[in-house]
Amino acid sequence: MKDRVVLAYSGGLDTSVIIKWLTNRGYDVIAYMADVGQESDFAAYKKRALATGAVKVVVEDLRDEFVKDFVFKALKAGAIYENGYLLATALSRPIIAKGLVRTAQREGAKYVAHGCTGKGNDQVRFEVTVNSIDPSLKILAPVREWELKTRSEEIEYAKDNNIPIDTTKKKPYSIDVNLWGISIESGKLEDPYYEPDEDIYQLTKGIDKAAAKPAYVEVEFKKGVPVKLNGKAADGVSLITKLARIAGDAGVGRSDMIENRLVGIKSREIYEAPAGWVLYKAHKALEALTLDRETLHFKELVAQKYSELTYYGLWYTPLKEALDKFVDETQAVVNGTVRLKLHKGTCSVVGRKSPDSLYKKELATYEKGDVFDQSLAKGFIEIWGLPYRGSYRKGK
Ligand code: ARG
């Protein structure tokens, strides 16, 4: 019997060529597609995979699990990488890797394969996750080692091997899509000074095209998880889908960054995460209202670490799981509603309310009803500043 390999298949050129390449080397290839909200034509890709030589195609709808166990965990943690990336691609890799392992075990495959290059983060995320779940599986990464050095060589190979691909379409960028957002890189973006054409953006309108009137949205959270949009209860997948449309129309959710990859390269990235930005800001605003100062400040450190662990492919690791427990502990009081105004690319929090609010008007007010005893401030400041009396050094 031939060795079986489960390949993370996207339907694109690289992974189509991989099916043939592995088949030519004597493997039986099972193509695995996870639906994480990328809206691919799975039926067409299934046909393509079989026509290319896959012995079987497995498609799994992982959208609910993706939102519940990955996206919302990151949201509760406040994870954002280098201030601009809400980690859409990074969050999808561990769930896809888990699907590869599950499929390999079910199909009796000793190998899993992916189509990542040797220069990116995704190879790390796939492989670390696979190894953490089932170290007996062997991993094949054809793109890292094959002889096809350029895209035209791949197209040539595809033609020679009758691989059904669409070679007429130019592929100006490398794009990864899921429910949480889009990541775009390479091509003309490799010049960090180059301003991308408007047509690079798929989920967000430019300022010129964005709605003239502001859109107001209300998001209700329970234990840090968004449960209602504009007063209507919605499951995670539909809440994100609806909100993405509203925010995208208002031009909210773009970032353009130079980012530090794990493998040491700086790269230019364009991201769109319209629902992500609104939810990230709303969640932060609600935490500001409901968390005490020390928890809030400490949680900033956790958010930083959490984003690195996610970005570095260390999702299924003891530290990340311990941080989830800490985050969940803090979220018990993150209940309430945030109102936001989305307009011409901006997303502003304009209101927040919570049954667990720590805001006390009677302490904050400068009007009647003030219960704060200002006379206590004098003693507080003296003791607070005691260690520093006369400590200023002239001409240091
Ligand atoms: N730089 C981002 C990350 O490391 C996005 C990677 C996107 N992948 C792609 N095939 N376009 O998560």
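Just so you know, ligand 1 is whichever comes first in the structure, and atom 1 is the first atom listed for that ligand.
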Return a table of donor-acceptor pairs under 3.5 angstrom between the side chains of residues 7-15 and protein atoms on other chains or two or more places apart.
from: Y9; atom 1: OH; to: S16; atom 2: OG; distance (Å): 3.3
from: S10; atom 1: OG; to: G12; atom 2: N; distance (Å): 3.1
from: S10; atom 1: OG; to: T15; atom 2: OG1; distance (Å): 3.2
from: T15; atom 1: OG1; to: S10; atom 2: N; distance (Å): 3.1

Sequence neighbours excluded - salt bridge (Lys or Arg N to Asp or Glu O under 4.0 Å) pairs with any residue from residues 110-128 =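 Found D3-K110, R93-D122, D122-R125, E127-R144.
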I'd like a table of the close N/O pairs between ligand 1 and the protein (anything under 3.5 Å), one pair per line with both atom names and the distance.
from: ligand 1; atom 1: 1 (N); to: E259; atom 2: OE2; distance (Å): 2.8
from: ligand 1; atom 1: 1 (N); to: E269; atom 2: OE1; distance (Å): 3.1
from: ligand 1; atom 1: 1 (N); to: E269; atom 2: OE2; distance (Å): 3.2
from: ligand 1; atom 1: 1 (N); to: Y271; atom 2: OH; distance (Å): 3.1
from: ligand 1; atom 1: 4 (O); to: N121; atom 2: ND2; distance (Å): 2.6
from: ligand 1; atom 1: 4 (O); to: R125; atom 2: NH1; distance (Å): 3.2
from: ligand 1; atom 1: 4 (O); to: R125; atom 2: NH2; distance (Å): 3.1
from: ligand 1; atom 1: 8 (N); to: D122; atom 2: OD2; distance (Å): 3.4
from: ligand 1; atom 1: 10 (N); to: S174; atom 2: OG; distance (Å): 3.3
from: ligand 1; atom 1: 11 (N); to: S174; atom 2: O; distance (Å): 3.3
from: ligand 1; atom 1: 11 (N); to: S174; atom 2: OG; distance (Å): 3.0
from: ligand 1; atom 1: 12 (O); to: Y85; atom 2: OH; distance (Å): 2.6
from: ligand 1; atom 1: 12 (O); to: R125; atom 2: NH1; distance (Å): 2.8
from: ligand 1; atom 1: 12 (O); to: R125; atom 2: NH2; distance (Å): 3.1

Salt bridge present between E287 and R352 (N-O < 4.0 angstrom) |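 Between R352 and E287 there is no salt bridge, as every charged N stays at least 4.0 Å from the carboxylate O atoms.
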Side-chain (R339) to main-chain (V349) donor-acceptor, under 3.5 angstrom =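 Side chain of R339 to backbone of V349: no pair is present.
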Of T337, D356, V334, which meets side chain to side chain contact (heavy atoms under 4.5 Å, CB included) against L286?
->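 That would be V334.
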Residues two or more places apart in sequence or in another chain: which of them pass side-chain contact (heavy atoms from CB on, under 4.5 Å) with D191?
-> Y193, Y194
